[in-house]
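Down below is the structure, laid out as structure tokens.
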Amino acid sequence: MDADREYQFLYRSLRSLRCRPEEPMPYPAHVISGLETQTDPSVYAWHGRKRLGDEKKPFIVWQYTIDGCGAFRSGVTGELIELAPGSAFTTLVPSDDFYYLPPESEGWTFFWLIIDHLYIVRRIRERVRLTGPVWHVQPRSPLIERALNLFDLVRAASLPDEFAEEADLFAFLTEFERLGHQILYPPLPRERILAEVRKEIISRLPTGLPSVAELSDKRGMSRTGFTHYFRRTTGLSPARFVNQVRLEEVAKLLVSSSLKLSAIAGLTGFADATHLGKVFRRHYYLTPDKYRHVMGNELSDQIKSSK
């Protein structure tokens with residue numbers, strides 16, 4: 001299905017959803033939803049300081065463009081961003097953000113969620129602080145599926161209580177944060193640098209772990225520059241990743257060999273079996289011997305069941 005048809009399908013799906021019955025909600029709701037088409041630039045313009053909002057109890061507006069074009073000006077950077085189909089913006093109210101229908105636009109169709117659950121607002125605000133307020137989101141992505149589900153449940157007033165509403169809000173939050181993480185750490189560059197460094201660590205295990213300075217020099221970067229680049233791309237510090245890789249190798253050797261712990265320590269860059277045991281237990285919450293016993297039994301069961 002091409003992009004235009006995807007958005008048409010999304011719009012028809014939204015239009016087909018049930019409307020809220022004319023009766024009060026049985027609980028204090030923390031989310032409302034809507035679907036709109038705006039065509040008059042003189043009417044549709046929202047500034048985050050001119051909407052009703054409490055600095056101590058802010059709320060979130062999340063809005064997804066289906067057709068036409070809108071505009072969003074960041075109150076933090078001053079950047080003006082065009083909101084074409086597939087653009088989702090997230091703004092805090094009150095704030096200095098400004099979103100509107102520009103004069104040159106023939107119209108703007110979008111659906112929206114307003115969320116005032118304080119904990120979820122805090123989590124979403126922190127993610128937006130890191131990623132920026134405007135994302136491109138595919139119309140069949142898990143985030144849109146969760147947003148559609150919330151839109152439907154709210155309009156139909158089919159949630160029985162605040163606990164059910166909170167469960168669906170957290171499902172939306174999970175996909176929001178997942179996509180935000182992917183925006184911060186794109187899979188391709190992240191996996192590439194992790195694979196490169198993992199290969200270097202494993203090749204050096206018998207003779208000594210590579211230092212962060214050595215990893216930096218190999219890439220023509222300063223130690224500080226490489227550390228910032230690695231953390232920005234992967235979400236991990238180089239030192240933490242080096243430790244993680246050698247512990248993974250320890251875990252493999254525990255299950256695939258009968259080597260003593262002292263021998264495994266020597267092969268993986270630990271000073272001795274005692275040092276290995278302490279570090280391993282902090283990471284896996286099991287002693288090496290217990291891990292070998294548990295995982296060895298699990299592997300044996302898998303082999304038996306496959307015969």
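If you're wondering where the values come from, they're calculated on a predicted model, not measured in any experiment.
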Is the shortest heavy-atom distance from the side chain of D289 to the side chain of H293 under 4.5 Å?
no
Heavy-atom distance under 4.5 Å between the side chains of Q8 and Y11, does that happen here?
no
Test R123 against E126 for salt bridge (Lys or Arg N to Asp or Glu O under 4.0 Å), laying out the working first.
CA-CA 5 Å; R123 291 272 294 269; E126 179 60 22; over 6 Å; no
Hey, any chance V255 and V279 share a hydrophobic cluster, counting ILVMFWY side chains that come within less than 4.5 Å of each other, even indirectly?
yes
Parallel, tilted or perpendicular, as decided by the 30° and 60° cut-offs, for the rings of F111 and F151
perpendicular
Is the NZ or CZ atom of R140 both under 6.0 Å from the centre of the six-membered ring of F9 and within 45° of that ring's axis?
yes
Can you tell me how the ring of Y291 sits relative to the ring of Y284, calling it parallel under 30°, perpendicular over 60° and tilted otherwise?
tilted
For residues I114 and F89: do they belong to one hydrophobic cluster (side chain heavy atoms under 4.5 Å, members Ile, Leu, Val, Met, Phe, Trp, Tyr)?
yes
Donor-acceptor pair, R281 side chain versus L286 backbone, under 3.5 Å?
no
Could you tell me the separation between the CG atom of L247 and the CG atom of L254, rounded to the nearest 0.5 Å?
10.0 Å
Less than 4.5 Å apart, side chain to side chain, heavy atoms only: is that true for I115 and F172?
yes
Evaluate side chain to side chain contact (heavy atoms under 4.5 Å, CB included) for E175 paired with E145, printing each intermediate quantity in order.
CA-CA 9 Å; E175 295 305 333; E145 289 178 8; over 6 Å; no
Above 12 or not: heavy atoms from other molecules or residues under 6.0 Å from CZ of R219?
yes
Ion pair R246/E249, N-O distance below 4.0 Å
no
Atom CD1 of I144 and atom OG of S13: how far apart are they, to the nearest 0.5 Å?
12.0 Å
Would you call the rings of Y44 and F110 parallel, tilted or perpendicular if under 30° counts as parallel and over 60° as perpendicular?
tilted
Please examine the side chains of I201 and P210, heavy atoms only from C-beta on, and report whether any two atoms are closer than 4.5 Å.
yes
State, yes or no, whether a side-chain contact exists between L173 and H117 at a heavy-atom distance under 4.5 Å.
no
Quick one: CG on L80 to OG1 on T77, what's the gap to the nearest 0.5 Å?
10.0 Å
Parallel, tilted or perpendicular: ring planes of Y99 versus F72, cut at 30 and 60 degrees
parallel
Can you check whether H30's main-chain N or O pairs, donor with acceptor, with E165's side chain at less than 3.5 Å?
yes
So, the side chain of R190 versus the backbone of Q182: is there a donor-acceptor pair under 3.5 Å, distance only?
no
Please report the C-alpha distance between L14 and L148 in whole Å, then the side-chain angles of each, then the deciding distance to 0.1 Å, and finally whether the side chain to side chain contact (heavy atoms under 4.5 Å, CB included) criterion is met.
CA-CA 7 Å; L14 288 159; L148 274 173; 3.2 Å; yes
Check whether any side-chain heavy atom of V128 lies under 4.5 Å from a side-chain heavy atom of I60, and answer yes or no.
no
Within the 4.5 Å heavy-atom criterion, are I66 and L35 side-chain neighbours or not?
yes
Among T37, D67, T65, find the one that has a side chain to side chain donor-acceptor pair (under 3.5 Å) with T109.
T37
Under 4.5 Å between side-chain heavy atoms, hopping through other hydrophobics if needed: is there a path connecting V212 to L194?
yes
NE2/H136 to CD1/I183 distance, rounded to the nearest 0.5 angstrom?
10.5 Å
As an exercise, state the distance from CG of L236 to CD1 of I193, rounded to the nearest 0.5 Å.
11.5 Å
Rounded to the nearest 0.5 Å, what's the gap from CG on L184 to CG on L179? Could you check?
10.0 Å
Does E106 CD have over 12 foreign heavy atoms under 6.0 Å away?
no
Please walk me through it: do S256 and M295 pass side chain to side chain contact (heavy atoms under 4.5 Å, CB included)?
CA-CA 10 Å; S256 64; M295 297 306 294; over 6 Å; no
Does any non-hydrogen side-chain atom of S216 lie less than 4.5 Å from one of S222?
no
